[in-house]
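Okay, so here's the structure we're looking at.
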Amino acid sequence: MDLDLTLACGQTFRWRTHEGSWIGVLEREVVRLKQVERKLVVEAKPGKADVVALVRGHLRAQDDIMAIQRRLSSDEILSRGMRDLKGLRIVKLGEWEAIASFALATYANIPRIGKMIETLCRSYGSTLSGGFSAFPTQRQLRTASVKDLIDCGLGYRAKYLHELCRLLDDEEISNLKALPYDELRERLIELPGVGEKVADCAALFGFGKLEAFPIDVWMERAMARLYGVKGNYMKLRRFASERFGPYAGYAQEYLYHNERMRARSGGCRFSEQ
DNA sequence: GCCCAGGAGTGTG
DNA sequence: CACACTCATGGG
């Protein structure tokens, strides 16, 4: 497992590097993670919470990653694309945090998404030790007006979050957690500010549905370039489902990061000429 | 200054 | 169904 690869790349927006380790918040715990050789060192303030269990859950330690990678390696193209990404893991976020975060993630780049979310956490989330903040609950966000949320830098996304935190109480989230992927997806898409792509991100990163296959502009490029597949969301999703099966979500992460890395290194070479 | 970003909603042909 | 347009803004 590679922490840098896993935490720095757009499935989660709250982790920050500091002096060679990663600091973030899981539920209401401030956690520091550091990779030492093949071990993962977890630091947190002593307390009641089982922080190691939180970390294991967040990094999906229960996944049989070898079996998943073996299954996906049967695809020649993907096998090559994931060669340098073996340490990448899909993370498990809180359901509400995932829905809210990816509803804010539309038409914005990753640094900006992180900034929006950080501002929200500091403004409306519970204060934790060391000046960190928890992700705000729906109840906490209900105290914010649309203008308040605009002032957090959300732009046109403010009205969506304003509605979402009222629509999704804990009971509704609990109901959603009980649904299989297809039904969950349909229900999520009914929410304001949640289309196909945001629904798939929430399903994959928030509800742990590994068969979900979110498609953004990077994934469109990757699938056109590597597989020659173009078309609407439904067509691309069907292709992925048939090709990658129950682990399409992992395939998506490998393709997504591969495409972004390629764009970055390509840009460097170009500017050197 | 310019381009684009882990899109969605709405209206039109 | 397929497009076209708008939304609001900051990072690179």
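Just so it is clear: chains get the letters A, B, ... in the order the sequence lines come, proteins before strands, and each one is counted from 1. From a predicted model like this one, the values you see are computed outputs, not experimental measurements.
Following rounding to the nearest Å, Arg264(A) (CZ) and dA5(B) (P) show an atom-to-atom distance of 13 Å. Atom CD1 in Ile110(A) sits about 17 Å away from atom P in dC4(B), given to the nearest Å. Atoms CG (Asn109(A)) and C1' (dC2(B)) sit 14 Å apart, rounded to a whole Å. As rounded to whole Å, 10 Å separates atom P of dA2(C) from atom NZ of Lys235(A). Here dG7(B) presents its P atom at 7 Å from CD1 of Ile113(A), a figure rounded to the nearest Å. A straight line from CE of Met116(A) to P of dT9(C) spans 11 Å, rounded to a whole angstrom. Between Leu104(A) atom CG and dA8(C) atom C1' the separation is 13 Å, expressed in whole Å. The CG-C1' distance, from Asp151(A) to dA8(C), rounds to 13 Å in whole Å.
In the region residues 6-18 of chain A, proximity to DNA chain B at under 4.0 angstrom, judged on heavy atoms, holds for Gly10(A), Gln11(A).
The side chain of Lys115(A) contributes an N or O atom lying less than 4.0 Å from OP1 or OP2 of dG11(C).
Atom NZ of Lys45(A) has 12 or fewer neighbouring heavy atoms from other residues, nucleotides or ligands inside a 6.0 Å radius.
dG9(B) and dG10(C): their C1' atoms are spaced 22 Å apart (whole Å). Rounded to whole Å, the separation between the P atoms of dG11(C) and dA8(B) comes to 22 Å.
Using a 4.0 Å heavy-atom distance criterion, Leu154(A) is classed as making no nucleic acid contact. Residue contacts for Ala108(A): at a heavy-atom cut-off of 4.0 Å it reaches a base atom on one of the strands shown. When heavy atoms are screened at a 4.0 angstrom cut-off, Glu253(A) is found touching base atoms of the nucleic acid. Backbone-only engagement by Pro111(A) is indicated by non-hydrogen atom pairs under 4.0 Å involving sugar-phosphate atoms exclusively.
Each of Leu93(A), Leu179(A), Leu184(A) was scored for a side-chain contact (heavy atoms from CB on, under 4.5 Å) with Phe207(A), with one residue passing: Leu184(A). When each of Gln138(A), Lys177(A), Arg187(A) is tested with Glu172(A) by the rule side-chain hydrogen bond (donor to acceptor under 3.5 Å, both in side chains), just one qualifies, namely Arg187(A).
Here the side chains of Val41(A) and Leu33(A) are not in contact, with every heavy-atom distance at 4.5 Å or above.
Separation of the Phe239(A) and Phe213(A) ring centroids does not fall under the 6.0 Å cut-off.
Of the charged side-chain nitrogens involved, at least one lies within less than 4.0 Å of a carboxylate oxygen, so that Glu259(A) and Arg225(A) count as a salt-bridged pair. The pair Glu43(A)-Lys34(A) does not meet the salt-bridge criterion, since no charged nitrogen lies less than 4.0 angstrom from a carboxylate oxygen. Under the 4.0 Å criterion applied to side-chain N and carboxylate O atoms, Arg243(A) and Asp75(A) are assigned as salt-bridge partners.
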Next item on the list: Spell out protein contact along nucleotides 8-13 of chain B as letters: B when the base is contacted, S when just the sugar-phosphate is, - when no protein heavy atom is under 4.0 Å; keep the 5' to 3' order.
Entry: SS----

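Between Phe135(A) and Trp96(A), the ring planes lie perpendicular to each other; the angle is over 60°, past the 30° to 60° tilted range. Ring pair Tyr156(A)/Tyr160(A) is perpendicular by interplanar angle, where above 60° counts as perpendicular and below 30° as parallel.
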